There are 2 protein chains.
Amino acid sequence: MDLDEIDWRILDLLQADGRLSFSEVGRRVALSAPAVTERVRRLEQRGVITGFRATVDPRAVGLPVEAIVRVRVRSLDTPRFRQHVLALPQAMDADHVTGEDCWLLRVVCASMLELEAIVEQAQRFGDTTTSLVFSSAVRGRPVTRETVEPVQGTNSRSTAS
Amino acid sequence: MDLDEIDWRILDLLQADGRLSFSEVGRRVALSAPAVTERVRRLEQRGVITGFRATVDPRAVGLPVEAIVRVRVRSLDTPRFRQHVLALPQAMDADHVTGEDCWLLRVVCASMLELEAIVEQAQRFGDTTTSLVFSSAVRGRPVTRETVEPVQGTNSRSTAS
DNA sequence: CTTGAAAAATGCCGGAA
DNA sequence: TTCCGGCATTTTTCAAG
């Protein structure tokens with residue numbers, strides 16, 4: 001929560017390239033390598049950095065179909081539904097949300113046939129609404145200081161701030 | 001696409017911990033460090049690995065509100081809407097999808113007040129439906145061989161396969 | 001947080017299966 | 001091709017200030 005300017009710069013760098021050496025990070029933020037290592041360790045311990053991951057493009061490994069499946073789960077079935085999606089290897093994200101469609105799944109799969117099977121499985125727990133993803137204009141935007149303290153005047157209405 | 005067993009094991013390891021040294025990966029898959037480096041380089045070149053990133057928990061940096069905003073963008077406004085969401089630091093994901101709600105935004109922000117402002121901005125482009133995220137049962141599940149070739153008999157209907 | 005030294009990892013090369 | 005071994009360089013790690 002109380003991150004200083006250097007913490008934010010480190011987060012910027014590591015969200016852009018999670019394999020940057022801590023020496024290199026240190027060079028860019030004008031700190032020694034051990035200092036960076038220690039800051040990163042503390043950011044992880046405080047739960048700010050939750051991990052470092054390689055990101056894989058599903059389309060590049062034979063998963064061209066991406067869809068958002070909204071499921072109106074009957075409340076009694078919620079625990080079983082939770083178990084179900086946890087076991088679904090094609091479910092990349094599953095969010096429990098407010099509103100009529102209690103659950104939102106992001107699913108990737110090899111074909112429409114497979115998507116059909118997945119949606120049919122989900123139907124066991126409630127009504128579904130499925131949308132195919134054309135494209136993603138934004139995916140996993142890094143969290144920056146701007147996200148936390150957005151500046152005013154960024155919108156088209158007030159360009160001449 | 002044509003990934004062998006070792007490629008999959010490397011992807012498993014690096015999706016779990018993107019900062020593992022390639023020597024360590026090599027130890028675990030019984031390959032020399034240069035061989036791992038070369039495989040990772042090719043996986044990146046083929047677009048399988050799209051990058052390595054640190055993941056940041058928005059809640060840990062003062063962004064406790066997460067919401068999915070569906071926007072029914074009027075088709076003529078789509079290009080401007082695209083520009084708008086690209087400029088929104090709170091939009092973590094933005095997907096163009098089929099169906100009535102042409103766009104799905106995943107938004108994080110500091111307060112309900114801020115969410116209200118963002119939704120009001122989105123309203124300029126079309127009607128919106130907003131759902132608050134209670135929790136995420138799955139977030140960024142790794143892509144595995146199972147995702148590409150799901151085994152049959154995983155579902156509750158056919159446990160005794 | 002820094003420095004400095006030991007241990008480990010990386011990058012690059014020629015050569016083997 | 002794909003992988004291995006070896007060497008120079010860089011990075012990591014750990015101690016001490």
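Below, chains carry the letters A, B, ... as their sequence lines are ordered, and counting in each starts from 1. The structure presented is a predicted model; accordingly, all values stated were derived computationally and were not measured.
- Contacts of Arg41(A) with the nucleic acid, taken as non-hydrogen atoms under 4.0 Å apart, are absent.
- The side chain to side chain donor-acceptor pair (under 3.5 Å) check on Ser136(B) picks up Asp95(A), with sequence neighbours excluded.
- Side-chain atoms of Ser135(A) and Arg82(B) form a donor-acceptor pair, as typed in the model, at a separation below 3.5 Å.
- At its two ends the helix from dC1(C)-dG17(D) to dA17(C)-dT1(D) runs along axes set 40° apart, each axis drawn from five pairs and the angle rounded to 10°.
- Under the 4.0 Å criterion applied to side-chain N and carboxylate O atoms, Arg41(A) and Glu44(A) are not assigned as salt-bridge partners.
- Using a 4.0 Å cut-off between a side-chain N of Lys or Arg and a carboxylate O of Asp or Glu, Glu24(A) and Arg27(A) qualify as a salt bridge.
- The shortest side-chain heavy-atom distance between Leu132(A) and Met112(A) falls under the 4.5 Å cut-off.
- Around CD of Glu100(A), the count of heavy atoms belonging to other residues, nucleotides or ligands within 6.0 Å does not exceed 12.
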**Asked** Quick one: what's the B/S/- string for nucleotides 12-17 of chain D, heavy-atom cutoff under 4.0 Å, read 5' to 3'?
**Response** BBB---
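- When side chains are defined from C-beta on, Thr78(A) counts as touching Trp103(A), because their heavy atoms get closer than 4.5 Å.
- Pairing each heavy atom of Leu31(A) with each of Arg39(A), the nearest pair is CD2-NE, 3.6 Å.
- Interface limits on DNA chain C: the 5'-most and 3'-most nucleotides within less than 4.0 Å of chain A heavy atoms are dC1(C) to dT10(C).
- In this structure Glu66(B) satisfies the side chain to side chain donor-acceptor pair (under 3.5 Å) test together with Arg106(B), Arg139(B), sequence neighbours excluded.
- Glu5(A) has no carboxylate O lying under 4.0 Å from a charged side-chain N of Arg9(A), or vice versa, which leaves the two without a salt bridge.
- Listed for the Arg141(B) side chain is a donor-acceptor partner under 3.5 Å among the backbone atoms of Leu86(A).
- Ion pair Arg70(B)/Asp101(A) flagged as a salt bridge, since at least one NZ, NE, NH1 or NH2 atom sits closer than 4.0 Å to an Asp/Glu carboxylate oxygen.
- Scanning residues 3-17 of chain A for heavy-atom distances under 4.0 Å to DNA chain C yields an empty list.
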